[in-house]
Amino acid sequence: MLGDSGKAQAVFQTTLHEAARRAAHEGLPNERFWLFRDARWRCLEASETDLQAEPLEMEEHEVIAEAASQIERLEPIQLAIWISAAPEPQRTALAFFYLDEFDYSEIADLAELKLSELSRLLAAGRRQFQAWLDATFPERSTV
Amino acid sequence: MKPRRLSRRQRALANCAPVSEDRIRDRSMRAAVFRARGSNEFANQQSFDRAVAALVRAIPIPPEAAEWFSSTDLIAPSKWAWKKTARNPAVLAIGIALVVIAGVFVFNFVGRLNDFPGSGTARKLLGTAGSTRSVLLDPVTGDAGTLSDLFFLKHGLEHYDVPAEFADFRTIGCRVFDDDEARRVAQIWVVEKRMQFFLFSAERNAKTGVVLQFSGWRYVHQEGWVGAVTERNGVCFMAALRGREKDLAPYIPKVKQ
């Protein structure tokens, strides 16, 4: 979500601190994903002060069979930075989706999206990432 | 991705198909994945997603945060959905059956709470009261309390005494009859609210023959009739009238039960 382990650590600690405080004083909410929802909003707040990317039309390519081998050549932090640079709510959708811990209805709930919106954002994210991969590894066309 | 033969919703679901198939929790997603599985686009998507998810798992987590997740699942398993379960017809049917059975048990239990030795006989005699016509009784005019001598002298019934609370009530008639359970029963009809009195042998222990005593007054109800029963010297007295407990209560001494 943040593309910065220092900020992520700070958000993580703040979220847990707040959760401990609520548990001691108010009791925890009777909602399954409240901690993730809380952490998400803290991430959004933390990134509000960052430099914001200018809205632009991102290039999109259809996902290809060689994508997996392209992705294997990436450093994990490159992916983290790419996802963290995506606009909201696409960033939340991609982050929760590829965490591979939630099903689609849970992600839609957490990101406050409808199924059609979530579907569109994920599909667009794949195509945009594929375009970025193609730009990063241009030799693909010769494979 | 534009898989053929997929509805718009199935296309949307296929786009959200989880990286791990064990995360598929609903039938609509399973159906969408099943139908999309044949297409190259979907195969590429799945391969792409698996590679990205693997890379996500490799993103370094600060050790201070990682230790929180070292031994537990990130997400707690979903709780059993009670509302969904309750809507299942089989569960609903079982639930209704259990409620009915529980209701019958509670009804019987509450009914038995007020039972006392002789309550069965008292209820049976309330049925008799409901079906009795005045012509069946020998006309007797006088105070109810004076009939004790008549019962003793004419029928040999000892201790068939009307309690003092009801002794002054004017009688219309009386009779003595035999009953399987209560043996010799004395029945008195009085003017007051067309009340009926019954005197019958108290219930006894089947083995020892000892009278099963109880204290005070106990109420019984049967077919719109109410009776107040007390036991004295091995004989039960019941005052009965058609109505409710509150109609009989003014005649009963306050220290009942």
Side-chain angles (χ1 to χ4, degrees), chain A residues 3 5-6 8-13 15-16 32-33 35-36 62-83 93-95 97-108 113-127 129-130 133, chain B residues 1-3 6-26 28-30 32-33 36 39-69 73-81:
Chain A
S5 63
Q9 177 73 8
V11 166
F12 180 76
Q13 286 175 343
T15 305
L16 284 189
R32 196 171 158 222
F33 296 121
L35 191 67
F36 293 92
E62 286 301 320
V63 174
I64 58 171
E66 296 80 17
S69 60
Q70 291 176 310
I71 293 165
E72 283 169 7
R73 295 164 66 185
L74 287 175
E75 289 297 322
I77 196 65
Q78 287 179 283
L79 175 66
I81 291 170
W82 192 91
I83 291 177
L94 290 171
F97 181 78
Y98 286 111
L99 197 57
D100 195 23
E101 294 284 351
F102 304 94
D103 70 14
Y104 71 93
S105 59
E106 292 165 344
I107 297 170
L113 295 168
K114 294 176 184 172
L115 170 62
S116 58
E117 293 170 328
L118 177 66
S119 166
R120 183 177 52 76
L121 291 172
L122 290 178
R126 287 189 192 100
R127 288 195 299 269
F129 193 58
Q130 181 65 65
L133 287 172
Chain B
M1 129 172 205
K2 294 173 185 171
L6 293 181
S7 66
R8 180 182 290 184
R9 179 173 166 77
Q10 284 178 323
R11 259 202 308 278
L13 285 169
N15 277 333
C16 302
V19 179
S20 312
E21 288 207 357
D22 56 2
R23 297 253 173 240
I24 299 178
R25 290 169 191 161
D26 65 313
S28 53
M29 173 60 85
R30 193 169 290 116
V33 168
S39 71
N40 288 333
E41 291 90 343
F42 188 69
N44 290 347
Q45 175 192 313
Q46 294 261 282
S47 159
F48 177 97
D49 286 348
R50 276 194 290 271
V52 173
L55 200 59
V56 165
R57 282 193 291 275
I59 292 173
I61 298 172
E64 295 88 346
E67 67 186 18
W68 283 82
F69 304 109
D73 290 335
L74 194 58
I75 310 294
S78 62
K79 289 178 185 172
W80 190 254

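First the proteins, then the strands, lettered A, B, ... as listed; each starts at 1. Every value quoted in this text rests on a predicted model; they were computed, and no experiment measured them.
From A:R73, atom CZ reaches atom CG of B:L55 across 13.5 Å, with rounding to the nearest 0.5 Å. Considering CZ of A:R127 and CD of B:Q45, their distance stands at 10.5 Å, rounded to 0.5 Å. For the atom pair CD of B:Q10 and OG of A:S119, the computed distance is 12.5 Å after rounding to the nearest 0.5 Å.
Counting all heavy atoms, side chain and backbone alike, B:S47 lies closest to A:A65 at OG-O, 4.4 Å. Of all the heavy atoms in B:V52 and A:F129, the pair that sits closest is CG2-CE2, 4.2 Å. Closest approach of B:I59 to A:A80, counting heavy atoms only: CD1-CB, 3.7 Å. Pairing each heavy atom of A:A68 with each of B:A51, the nearest pair is CA-CB, 3.8 Å.
By the side chain to side chain contact (heavy atoms under 4.5 Å, CB included) test, A:Q78 pairs with A:L74, A:E75, A:W132, sequence neighbours left out. Evaluation of the salt bridge (Lys or Arg N to Asp or Glu O under 4.0 Å) rule for B:R8 yields no partner, not counting sequence neighbours.
Note on A:L133, A:L79, A:L122, A:I107: by heavy-atom pairs under 4.5 Å with chain B, the leading option is A:L79. Among the candidates A:D100, A:L115, A:V63, the residue making the largest number of heavy-atom pairs closer than 4.5 Å to chain B is A:D100.
Taking the side chain as every heavy atom from C-beta outward, A:F97 and B:D49 approach each other to under 4.5 Å. By the 4.5 Å heavy-atom criterion applied to side chains, B:N15 and A:Y104 are not counted as neighbours.
When heavy atoms are compared at a cutoff of 4.5 Å, B:A17 approaches chain A solely by way of its backbone atoms N, CA, C and O.
The 12-atom threshold is not exceeded at CG of B:N40, counting heavy atoms of other residues, nucleotides or ligands nearer than 6.0 Å.
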